[in-house]
Amino acid sequence: MVDAGAMVKAGLMAGRKNAASPHPDGDLSSGESRIPPPNVRRNIRRRILTWYAKNARDLPWRRRAGDGYAQWVAEIMLQQTQVKTVIPYYNRFMQSFPTVKRLAAATDDELLHHWQGLGYYRRAANLHKAAKQLADAKIDLPRDPVNLRKLPGIGQYTAGAIASIAFNHPAPAVDGNITRVYARLFHITGDVTRPDTRRHIQNLAAAMIPTKIPGHYNQALMDIGATICVPANPLCTVCPLSNYCQANIHGDAGELPIKATRKSVTTQHVITTVIQHQNHLLVRKRPSTGLWAGLWEPPNVEISVTDAKDDAGKVPHLDTLLREYNISSNIIPQHIGRIPHLLTHRQYHFDVYKVQLFCRVRNTPDNNHQWIAQEYIHTLAISTATRKIFSLFTGE
DNA sequence: AATGCGGGGCG
DNA sequence: CGCCCAGCATT
């Protein structure tokens, strides 16, 4: 309905944390009363499972159904990341690290190299840490959500997903897709980023879970969310739940779920050097925590936005950086372009300067630096932003 | 409760 | 090309 849509938009634009329910009698606080009766739950379950039997996506990890490790790796990669993006990473990863033991024996660099470009690099660190914990203790991956949850990197969703899919444990696994499906199916108008709304959906999901094949049920909902009940312009006409979907009946599926606006992004300028001597480039390793943890990049310095406005103000930052590497002031850096790179919370601009050395001033400054031949750049684990920077330098 | 953490897809 | 999407850990 037009009015409902307008209300939603107004709420979002204002960045309100809690979009008030338009139906006072439909308050979320009494969560339990809103769980549908058993016969409705049965019908919905049957629809979902029947649909899944015909329409399940053929995904690499689904070919290893009983393999907890395989599901674990997949679920970690799938956090905040789409299936299509994950598949090639997953296949390479499982090729190199087919078991917990093999993963535990990997080096940090080896692991990061398999993860480079996938983002959220702490996921890789936590996965590695958890694998080492299991290997050291000589225990198998837990089969229940409570114990899975104790491993680093495994939260409520991932614990439920692994336990249900790999071990047939009747646990809900409420991710973004399933949240969207339930918000529409049961017409939940509360802000889904709020704890009370999330709790309500979690309770619904727990009530909906079938005891026999919970893994199929969870995966079916994920598939429906990914292929039919998509965020914008949901394909309600082909949805197996259309007859049961309160939002479809109400005509506002596209307006749900409601969520608070995210913080706006801030702009961050970075002066990046590509320091070249013959065919070698100088790179350094980022710290093991924070953004792009443990990845390699060319030496750079972040500058404040106010500095960026003053064009002349850039040069001192660059000079200071080059002085740290004992690079002669006779060397004139050449600006070769600007790379924009957007993150959730920050808009980066990398101003890239080529610095051509005719003699190597000194050896690598410390263990976190190295000179690397251009043809071996691909052996380094680098972020997508760094890949763009190197591409600019090499001319693709 | 709020924030940090990447990257890709879509209209 | 502007807008949207999505779990866990830390603080």
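Letters go in sequence order (proteins before strands), and every chain restarts at 1. It should be emphasised that the depicted structure is a prediction, and the values quoted were computed from it without experimental measurement. Side-chain atoms are counted along with the backbone in the values below, which use heavy atoms only and exclude waters and symmetry mates.
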Once you round it to whole Å, what is the distance between [atom2] of [N] and [atom1] of [X]?
X: A/Gln347; N: C/dC3; atom1: CD; atom2: C1'; value: 13 Å
X: A/Ile87; N: B/dG8; atom1: CD1; atom2: P; value: 15 Å
X: A/Arg123; N: B/dG4; atom1: CZ; atom2: P; value: 19 Å
X: A/Lys84; N: C/dC5; atom1: NZ; atom2: C1'; value: 15 Å
X: A/Trp115; N: B/dC5; atom1: CH2; atom2: P; value: 18 Å
X: A/Leu291; N: B/dG4; atom1: CG; atom2: C1'; value: 9 Å
X: A/Gln82; N: C/dG7; atom1: CD; atom2: P; value: 11 Å
X: A/Leu118; N: B/dG7; atom1: CG; atom2: P; value: 9 Å

Would you say the side-chain atoms of A/His113 pair up with the backbone N or O of A/His378, donor to acceptor, closer than 3.5 Å? yes

Measure the acute angle between the ring planes of [X] and [Y], then classify it against the limits of 30° and 60° as parallel, tilted or perpendicular.
X: A/His250; Y: A/His187; result: tilted
X: A/Trp72; Y: A/Tyr69; result: perpendicular
X: A/Phe350; Y: A/His341; result: tilted

Counting side-chain heavy atoms from CB outward, which of [options] is closest to [X]?
X: A/Asn233; options: B/dG11, B/dG4, B/dG9; result: B/dG11
X: A/Trp292; options: B/dG7, B/dA1, B/dC5; result: B/dG7
X: A/Arg122; options: C/dC8, B/dG9, C/dG7; result: C/dC8
X: A/Thr85; options: B/dG8, B/dA1, B/dG4; result: B/dG8
X: A/Thr384; options: B/dG7, C/dC5, B/dA1; result: B/dG7

Salt-bridge criterion met for A/Asp223 and A/Arg57 (N-O under 4.0 Å): yes

Expressed as a whole number of Å, how far does the C1' atom of B/dC5 sit from that of C/dC5? 15 Å

Looking at every strand, decide which applies to [X] at a 4.0 Å heavy-atom threshold: base, sugar-phosphate, or nothing.
X: A/Thr179; answer: nothing
X: A/Arg387; answer: nothing
X: A/Gln79; answer: sugar-phosphate

Roughly how far apart are A/Glu297 CD and A/Thr273 OG1, rounded to 0.5 Å? 9.5 Å

Has [X] got a side-chain N or O lying under 4.0 Å from the OP1 or OP2 atom of [N]?
X: A/Tyr121; N: B/dG7; answer: yes
X: A/His345; N: B/dT3; answer: no
X: A/Arg346; N: B/dC5; answer: yes

For a 4.5 angstrom cut-off between non-hydrogen side-chain atoms, does A/Ile258 reach A/Leu256? yes

Of A/Ala232 and A/Ala293, whose closest DNA chain B nucleotide lies nearer the 5' terminus? A/Ala293

Scan residues 152-178 of chain A against DNA chain C and write down, sorted by residue number, each residue with any heavy atom closer than 4.0 Å; if none is found, say none. A/Pro152, A/Gly153, A/Ile154, A/Gly155, A/Gln156, A/Tyr157, A/Thr158, A/Asp175, A/Gly176, A/Asn177

ILVMFWY cluster, A/Val274 and A/Leu322 together (side-chain gap under 4.5 Å): no

